[in-house]
Every structure is written in structure tokens, then in C-alpha cells.
Amino acid sequence: MPELPEVETIVRALRDGGRGGSSLKGRLVSGVELFWPKTLASPALADFSTQIIGQTIDDVKRRGKYICLQMQSGWLLIHLRMTGDLRVEEIAQTGYLPHDRFALIFSDGGRMVFNDARKFGRVWFDKTPENIFNKLGMEPFDDSFTPAVFSESIKNKKKQIKTLLLDQSFIAGLGNIYTDESLHRAGIHPLRMASSLTEQEVENLFNAIRSTLQEGISRNGASIDWVYRGGEFQNNFRVYQKTGQACLVCGNIIERIVVGQRGTHFCPICQPERVV
DNA sequence: CCTGAAACCTGTCTGC
DNA sequence: TGCAGACAGGTTTCAG
């Protein structure tokens, strides 16, 4: 489910309220519930609880696809992976839902619940987020991410461009949807070697990544099936899951191939395999 | 070191 | 209707 735009949408709701819940800022944590032990990656539950209970949530941020709850004693980091979702409930609720894996209980009677059908999602707590942040690559909307920086970092990469864009240690936040959509906007075939891109193609890709992610955020992310609701970007897909349909730009049929074990959608006319 | 496949999981949809 | 198989927004681990 969640790539940068979906995570950003969730973070804004947790920070400012919205999406059916109110803000987490200023909430005092009074308890922790863990229904699927593996969801808590580290530390062990006893230490985790000791560190979290009694803390107040100062701020909610995003880095790549990580949701970051900043507290006085450190950072609670959450990764939703494929099917994770967070909801904030007020007052005393009757019970939990199927697939609820973890919850933070607040002193005001509310709670934040982590629901995750496929159990891939993870939660961490650490005094500093650097252990995780240090492994992440460029942040697409950071001022330090520029066409020049992007060009410099990409030119020696001997990897297919689709695989490279999915590598979170290269650029953080792109997933399967936004990678396919960005490559179509940039007119670049997913199997092109990163190092073979021309300066113009790299610049086009830079602009495509930012504009695609920005449009995703402005539409509150993409809602494709039963996972993650409220987004509208799925109505504006150009290639993702449009195999066999006509390309909106040139009318040719959208094709599907597998790249790095991921379904990959592209237009063979708009995204030629060889530069002509 | 790099690459590709498998693993981690459950739910949905398609085709026989 | 039932059932096997494919596929799904992601990342880590393991084999070669």
C-alpha cells in the first residue's frame, strides 16, 4: 500500500488531525498493546513499554516511508510495508478489529491502532532515528535533492533504472506505483541501465519523480483495493495496473513485464527501450 | 561485492 | 461450488 504520498497523507493526519482522527501531538502515552509480537522489531516489549509509557508525542514526521513519532525519550518509528494502516480512535472503544497488531493507549482515553493484514509492518523505538535514517537515500522533497545531485548520483549506477528507483538507500519513498508512473512521465523504459540515461533524460526523470509524488500527495495517495482508503490518485494512473489498456498519451497498448520480482507497467511507444 | 530468488504473511480474484 | 494458482502498495535474508 503505502509509498511516500500515502505515508505523507497519514503523517499529516496524525500531526494535524483529519482522515477520521484527531492529532497525536501532545498526547500522553499510558499503555501499549501488542497482538502480533513480530510487529515490534525492537527493543523487546518490556523495554519498549518502559521507554514509551509516560512520554508525550511532541511531533509527527516522515522520512522516506517511515512514520516518526517524536517523544522526549526518543523516536517511535513505524513502517507500514504492504498492508499497514494507522487509525486514531477517541473515547473508550468496544474492541479491536481483525488484523489489529499493535496499539498505543493514551491517557485521555484515545488510542492509535496499527492494523496490518499481512503482518509485514514493523515498529521500532530508539533514542535516535539515525540507525534507520542513515540507511536511507535522498529525500525527494528535500532542498538538497536537486537535478545536479540526482545526475551525479545516478551516472555510475549499473542497475536497471526501475530497480534503482525502488532501492530505498538510493532514493527514499518511491514504491512500485510511483516508480512506474514516474518512468512513464519521463519517457524512460524501466529496463534502461541507469548509467545510460542522457542528461536530458535524468532531468526529465527528476521532474517526473517530483511531479508524480506531488500529484499523489495532493490526491491523498492511491487507493487500489481493500487496503488504504481515501486516496484518489488511482484515478489518474497512466500505466500502473493498466495492462492492455490504451496509453492516454499515444494510444498504444500498455504492457506488463516483471522487473526485480515486481510487476512493471509501461508504454512501449512513450518509453522506448532504445533511445532513437 | 553484487544479483536474483526466497521468505515473511493474508486476502482477493481468475480460471478450470 | 471448489480449489489451485497468480498476484498484491515492501523489505530482509540467503544462496550462488
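Naming convention: chains lettered A, B, ... in sequence-line order (proteins, then strands); numbering from 1 in each chain.
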Legend entry - Aromatic plane relationship, A/Trp75 with A/Phe133 - under 30° parallel, 30 to 60° tilted, over 60° perpendicular: perpendicular
Inset, instruction - For the residue pair A/Phe233 and A/Tyr178, categorise the inter-ring angle as parallel (less than 30°), tilted (30 to 60°) or perpendicular (more than 60°). - result: parallel
Take atom [atom1] of [X] and atom [atom2] of [N], then tell me their distance rounded to the nearest Å.
X: A/Leu97; N: B/dG11; atom1: CG; atom2: P; value: 13 Å
X: A/Asn115; N: B/dC9; atom1: CG; atom2: C1'; value: 14 Å
X: A/Tyr228; N: B/dT12; atom1: OH; atom2: P; value: 20 Å
X: A/Arg262; N: C/dT12; atom1: CZ; atom2: C1'; value: 13 Å
X: A/Trp36; N: B/dT10; atom1: CH2; atom2: C1'; value: 11 Å
X: A/Lys158; N: B/dC1; atom1: NZ; atom2: P; value: 18 Å
X: A/Gln160; N: B/dC2; atom1: CD; atom2: P; value: 16 Å
X: A/Ile132; N: C/dT11; atom1: CD1; atom2: P; value: 12 Å

Quick one: is [N] close enough that its OP1 or OP2 comes under 4.0 Å of any side-chain N or O from [X]?
X: A/His79; N: C/dT11; result: yes
X: A/His99; N: B/dC9; result: no
X: A/Arg256; N: C/dA8; result: yes
X: A/Lys135; N: C/dT11; result: no
X: A/Arg81; N: B/dC8; result: no

[atom1] atoms of [N] and [M], separation to the nearest Å:
N: C/dC7; M: B/dA5; atom1: P; answer: 14 Å
N: B/dC1; M: C/dG10; atom1: C1'; answer: 24 Å
N: B/dA6; M: C/dG5; atom1: P; answer: 16 Å

Inset, instruction - For A/Tyr240, answer base if it contacts any base atom (sugar-phosphate contacts may also be present), sugar-phosphate if it contacts only those atoms, and nothing otherwise; contact means non-hydrogen atoms under 4.0 Å. - result: sugar-phosphate
Inset, instruction - Using a heavy-atom cut-off of under 4.0 Å over every strand shown, decide if A/Gln241 touches base, sugar-phosphate, or nothing. - result: sugar-phosphate
Inset, instruction - Check whether more than 12 heavy atoms from other residues, nucleotides or ligands sit under 6.0 Å from atom CD of A/Gln72, and answer yes or no. - result: yes
Inset, instruction - For A/Thr163 and for A/Arg118, find the nucleotide of DNA chain B with the closest heavy atom, then tell me which residue's nucleotide is more 5'. - result: A/Thr163
Inset, instruction - Using the closest heavy atom to pick a nucleotide of DNA chain B for each, name whichever of A/Phe120 or A/Trp226 lands nearer the 5' end. - result: A/Phe120
Choose from [options] the nucleotide whose nearest atom is closest to any side-chain atom of [X].
X: A/Gln261; options: C/dT11, B/dA6, B/dT3; answer: B/dA6
X: A/Lys119; options: C/dG10, C/dT11, B/dC9; answer: B/dC9
X: A/Lys38; options: B/dG11, C/dT11, B/dC9; answer: B/dC9
X: A/Met82; options: B/dG11, C/dG10, B/dC9; answer: C/dG10

Inset, instruction - Might you point out which heavy atoms bring A/His265 and A/Thr243 nearest each other, and give the distance in Å? - result: CD2-OG1, 3.5 Å
Inset, instruction - Give the minimum heavy-atom separation between A/Glu181 and A/Asn236, together with the two atoms involved. - result: OE1-O, 4.3 Å
Legend entry - Any residue meeting side-chain hydrogen bond (donor to acceptor under 3.5 Å, both in side chains) with A/Asp167, in chain and number order, not counting sequence neighbours: A/Lys159, A/Ser169
Legend entry - Partner nucleotide, any strand, of B/dG4 [Watson-Crick/G-U, under 3.5 Å]: C/dC14
